[in-house]
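Just so we're on the same page: letters track the sequence lines, and every chain starts at 1. Fair warning: this is a prediction, and the values are worked out from it, not measured in the lab.
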Amino acid sequence: MNYNEIEKKWQDYWDKHNSFKAYNDIDKKPYYILVEFPYPSGTGLHVGHVRSYTAQDALARMKRMQGYNVLYPMGWDSFGAPAEQYAVQNRIHPKDAVRENINTFKRQMKTLGFSFDWDREFSTTDPDYYKWTQWQFLQFYKHNMAYKASVNVNWCPKCKSVLSNEDAAGGVCERCSTKVEQKRKNQWMLRMSSYAEDLLNGLDDTNFADRVKLGQINWIGKSSGIKLKIDIVGGGSFDIFTTCIETVYGITFFVIAPDGKLIEELLPRAQNKDEIKKYINETKLKSNMDRTEFQDNKTGVIIKGIKAIHPINKREIPIFISDFVLGDYGTGAVMAVPAHDQRDYEFAKTYNIDIIEVIKGGNINEKAYEKEDYLEKGCILINSEEFNNLTVEEAKEKIYEKLKKMGIAEKEDNYKMRDWIFSRQRFWGEPIPMIECPKCGWVMVEEKDLPVLLPDIAEYEPTDTGESPLAKIDEWVNCKCPKCGANAKRETDTMPNWAGSSWYFLRFMDPHNDKEFASMDAMKYWKQVDWYNGGMEHTARHLLYARFWVQFLYNIGLVPKKEMIWTRVSHGMILGSNNEKMSKSKGNVVNPDDIIKEYGADTLRCYEMFIGDYQMDAPWSTESLRGCKRFIDKVVRLKDKINPNLKGYSKKFEVIQNKTIKKITEDLVNLSYNTAVSALMILSNNYDDEKEISHEDYTLLLTLLNPIAPHITEELNEIIGNKPIVESLWPKYDKNKLTEDEITISVSVNGKFRGVIKTKVDENKEQIIKLAKECENVKKHIANKKIKKEIIVPNKIINFIVE
RNA sequence: GCCCGGGUGGUGGAAUGGCAGACACAAGGGACUUAAAAUCCCUUUCCCUUCGGGGAGUGCGGGUUCGACUCCCGCCCCGGGCACCA
């Protein structure tokens with residue numbers, strides 16, 4: 001059999017019959033399966049894509065056969081720096097590069113037989129799509145959720161672009177691994193931090209896997225503590241944030257951030273201004289390059305001439321600046337308790353500051369006794385006046401109450417998550433639809449003028465000045481102010497590529513709507529994404545951005561639900577056969593085209609499902625792939641075992657068939673694709689052990705295998721004269737026929753397996769014990785011994801305990 | 001340092017309290033064949049064995065249980081993420 005020809009035949013059949021079309025207006029239960037739409041890179045589809053697309057395809061195909069109206073869409077996340085860089089390198093316009101790459105991806109996906117509804121396809125770079133991305137940005141702006149601010153940004157000197165904190169994780173550019181520098185720039189920001197609490201709470205309305213939820217929680221990074229006002233000798237005050245108010249008597253110094261506002265306020269009063277200024281400048285230079293590395297040796301400068309007052313005992317306390325305190329977290333100032341915080345401890349050792357132990361139990365001569373060590377252990381306070389001998393937990397409350405009565409403390413939550421830096425100085429992104437007018441300031445582009453199209457130009461390479469290439473195009477930049485008509489200039493920054501992917505799943509619900517980004521009716525019909533699959537690397541940020549975007553739209557009444565994604569699952573990577581990430585340089589890349597050509601798409605699909613635990617990384621093995629080819633070949637050969645005279649399902653397969661239906665039906669929704677394939681292999685092996693099988697037996701195998709290997713099963717199914725599987729129903733199992741009449745019970749003596757007995761299901765106790773005792777090997781082990789106890793687990797095991 | 005995964009034969013992996021190693025791969029032996037491919041059969045965790053079996057075994061050390069890969073406590077190692085967040 002020529003697999004490639006058969007595959008083409010059925011792919012054409014599905015196309016022609018609209019087999020995978022999702023309908024917005026039929027009376028069927030909706031089911032929305034989403035895989036992350038890919039960035040169409042120049043290297044084509046990766047075998048990793050094949051893994052997740054096949055897994056979700058199998059689910060989609062089963063759900064359709066179960067009677068659902070399944071939406072399984074595909075599109076392209078084509079904006080962003082990688083597309084631009086590819087275009088620059090290959091000297092073609094990004095638009096052309098993207099079109100070319102999409103064609104390749106689409107051709108590859110078609111040869112794999114994925115059941116996408118291609119009628120809903122779009123690219124984030126389509127003006128019809130980014131029009132609505134821009135429109136939604138205007139909603140953010142209208143609702144005071146977008147603002148421009150001068151911020152220290154991560155700047156990649158190689159990509160010549162601003163990076164979000166997320167893109168600059170670890171102090172290096174995510175794309176090119178160049179060390180990131182700091183630059184102060186005017187940037188569009190989205191007030192994502194104001195959604196921190198909602199993004200945490202919203203997780204309760206989702207069915208994300210625990211590890212995904214945890215990723216979100218950690219990224220948001222909530223900590224609850226107390227904001228405390230600290231007075232300065234001679235007037236004035238500043239606030240600190242602490243989660244350990246119980247250590248308040250252990251304060252021996254304060255530290256404020258060199259990059260915060262507070263130091264600017266205090267500087268005029270300091271005696272050693274030059275020394276402080278010098279340190280501030282040093283911090284700016286090294287920030288993010290060296291600050292990402294944890295420093296054992298703390299540096300800092302004491303602020304001479306200014307002392308703080310301890311909030312309770314009114315002692316005078318020195319103030320330092322040090323770069324271990326961050327200007328943009330909490331209040332940018334901390335109370336330092338060296339006895340109970342390792343960072344403070346190191347700082348105190350370096351600068352010879354007192355260390356006062358206030359919680360008993362540690363050894364502060366060696367290191368700080370930190371909250372991780374003392375919390376919930378019943379530790380008590382010392383050196384804390386009226387609070388001595390209280391437990392930490394009691395003291396937390398009592399001390400807070402006292403400070404609150406004094407009017408200087410209140411509870412506060414802080415989050416690691418910051419506002420979203422939304423500007424990129426790039427050509428290949430959605431233009432931010434704003435105009436700066438010398439009279440009116442920032443003015444929104446009018447909705448009727450959307451989309452603000454990217455100009456068709458030849459010069460799209462990044463500039464050295466850090467401006468977007470768009471800034472060089474006068475005829476594009478210069479425009480009239482929509483408010484007053486004066487000469488004005490367009491914003492030349494573009495959006496990050498996270499923008500288009502933050503709402504694409506909504507567009508899939510209603511992709512051709514030219515009045516709205518998606519109609520409320522369509523969104524209400526589909527309700528939500530039932531099943532969202534993507535890589536682990538996107539479970540923190542992309543998912544957070546998307547949830548933020550949706551929650552905002554919900555709050556302004558534009559989407560029906562606050563969380564539009566119900567289940568999120570993530571797949572493991574396919575590694576090279578050397579167990580390393582596939583990469584050109586390592587020479588371990590497997591091209592799906594080659595595999596399909598040699599083994600067929602069904603074999604590739606089957607293998608990638610069989611390769612291992614779906615959520616774990618797995619190394620590629622061409623040998624194992626051949627095993628799946630053999631399995632497919634075996635299924636083909638089994639056709640010759642059909643005896644047309646046999647009617648109905650064969651009695652001898654009754655149990656294995658019902659078990660297999662149950663297993664596949666469950667495995668496909670439990671991410672247990674590998675055991676689903678194995679169950680099908682077992683069923684085939686059972687058939688193969690017999691001389692003949694019935695037409696129905698064979699049809700069942702084809703139907704169950706169809707979601708994973710759709711082409712060959714359709715072909716075989718047609719050959720034996722059935723109507724197409726894609727138009728058939730998913731089989732149901734009979735739960736009364738999942739076990740044999742006669743079952744095997746294992747017999748143990750003292751927990752050690754000694755033999756088996758065969759009995760009827762639910763045989764009575766006495767009979768089981770009798771049979772078990774008669775078992776040859778068991779007899780030996782209980783002979784001349786007193787049986788102290790008999791443990792019977794129905795239909796499973798019997799265990800004799802002897803002396 | 002913190003958080004999340006993971007550790008089971010030569011390999012990928014099954015088994016989530018009840019015969020560890022399902023299902024495959026690889027390897028070895030055999031059948032068919034002039035030969036090859038394809039296919040089929042057998043062996044394949046380790047040690048002992050009188051071939052009936054017996055003992056050990058799921059990273060290490062304890063514990064709970066009649067019974068633990070599975071649950072609990074304490075470690076070790078590998079992978080990934082975050083990283084001076086007060």
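Between A:His781 and B:rG54, a side-chain N or O to OP1/OP2 separation shorter than 4.0 Å is present. A sub-4.0 Å separation between OP1 or OP2 of B:rA24 and a side-chain N or O of A:Asn685 is present. One finds no side-chain N or O of A:Arg630 lying less than 4.0 angstrom from the OP1 or OP2 phosphate oxygen of B:rC23. Taking side-chain N and O atoms only, A:Arg637 has no distance below 4.0 Å to OP1 or OP2 of B:rA38. Contact between the side-chain N/O atoms of A:Asn674 and the OP1/OP2 oxygens of B:rA14 is found at a separation under 4.0 Å. At the phosphate of B:rA22, neither OP1 nor OP2 sits under 4.0 Å from any side-chain N or O atom of A:Thr675. Look at A:Arg626 and you won't find any side-chain N or O under 4.0 angstrom from OP1 or OP2 of B:rA24.
For a distance-only test at 3.5 Å, the side chain of A:Lys788 fails to qualify as a donor-acceptor partner of the base of B:rC66.
Pair check for B:rA56 finds B:rU45; Watson-Crick or G-U wobble, both atom distances under 3.5 Å. Under the Watson-Crick and G-U wobble criteria, each requiring two contacts below 3.5 Å, nucleotide B:rC66 is paired to B:rG18. In this entry B:rC2 has B:rG81 as its Watson-Crick or G-U wobble partner, both defining distances falling under 3.5 Å. With a cut-off of 3.5 Å on both pairing distances, the Watson-Crick or G-U wobble partner of B:rC40 is B:rG30. Pair assignment for B:rG10 gives B:rC25, based on Watson-Crick or G-U wobble hydrogen-bonding distances that are each under 3.5 Å.
If you check every strand for non-hydrogen atoms under 4.0 Å, A:Asp344 touches nothing. Residue contacts shown for A:Asn799 include a base, since a base heavy atom lies under 4.0 Å away. The residue A:Lys634 sits close only to the backbone: its heavy atoms come under 4.0 Å of sugar-phosphate atoms, none of a base. Heavy atoms of A:Asp613 sit under 4.0 angstrom from primed sugar atoms or phosphate atoms, though from no base atom. Counting any heavy atom pair closer than 4.0 Å across all strands shown, A:Asp617 reaches sugar-phosphate atoms only and no base atom. Note on A:Ile791: a base of the nucleic acid sits closer than 4.0 angstrom, heavy atoms only.
Between B:rU65 and B:rC77, the distance separating the two P atoms is 32 Å to the nearest Å. Straight-line distance between the P atoms of B:rC60 and B:rG7: roughly 13 Å, to the nearest whole Å. Look at the P atom in both B:rC41 and B:rA26: the space between them is 15 Å, to the nearest Å. Across the C1' atoms, B:rG79 and B:rA68 are found 26 Å apart, a figure rounded to whole Å. Rounded to whole Å, the P atom of B:rC73 lies 35 Å from the corresponding atom of B:rC23.
Classification of B:rG9 as syn follows from a glycosidic angle within 90° of 0. Taking 90° from 0 as the syn/anti boundary, the base of B:rG80 is oriented anti.
Residues A:Gly576 and A:Pro619 approach most closely at O-CB, 3.6 Å, considering heavy atoms. Closest approach of A:Glu246 and A:Ala395 over heavy atoms only: CB-CB, 4.4 Å.
Spacing between atom CD of A:Glu370 and atom P of B:rC2 amounts to 10 Å, rounded to whole angstrom units. A:Asn750 has its CG atom 9 Å from the P atom of B:rG67, to the nearest Å.
Ring planes of A:Phe241 and A:Tyr329: perpendicular class, angle over 60° (limits at 30 and 60°).
Taking the 5.5 Å centre cut-off and the 30° plane limit, the aromatic side chain of A:Phe324 is not classed as stacked on B:rC84.
A ring pair (Phe, Tyr, Trp, His ring centres under 6.0 Å) with A:Phe253 is found for exactly one of A:Tyr351, A:Phe320, A:Tyr345, namely A:Phe320.
Within 6.0 Å of the NZ atom in A:Lys634, the count of heavy atoms belonging to other residues, nucleotides or ligands exceeds 12.
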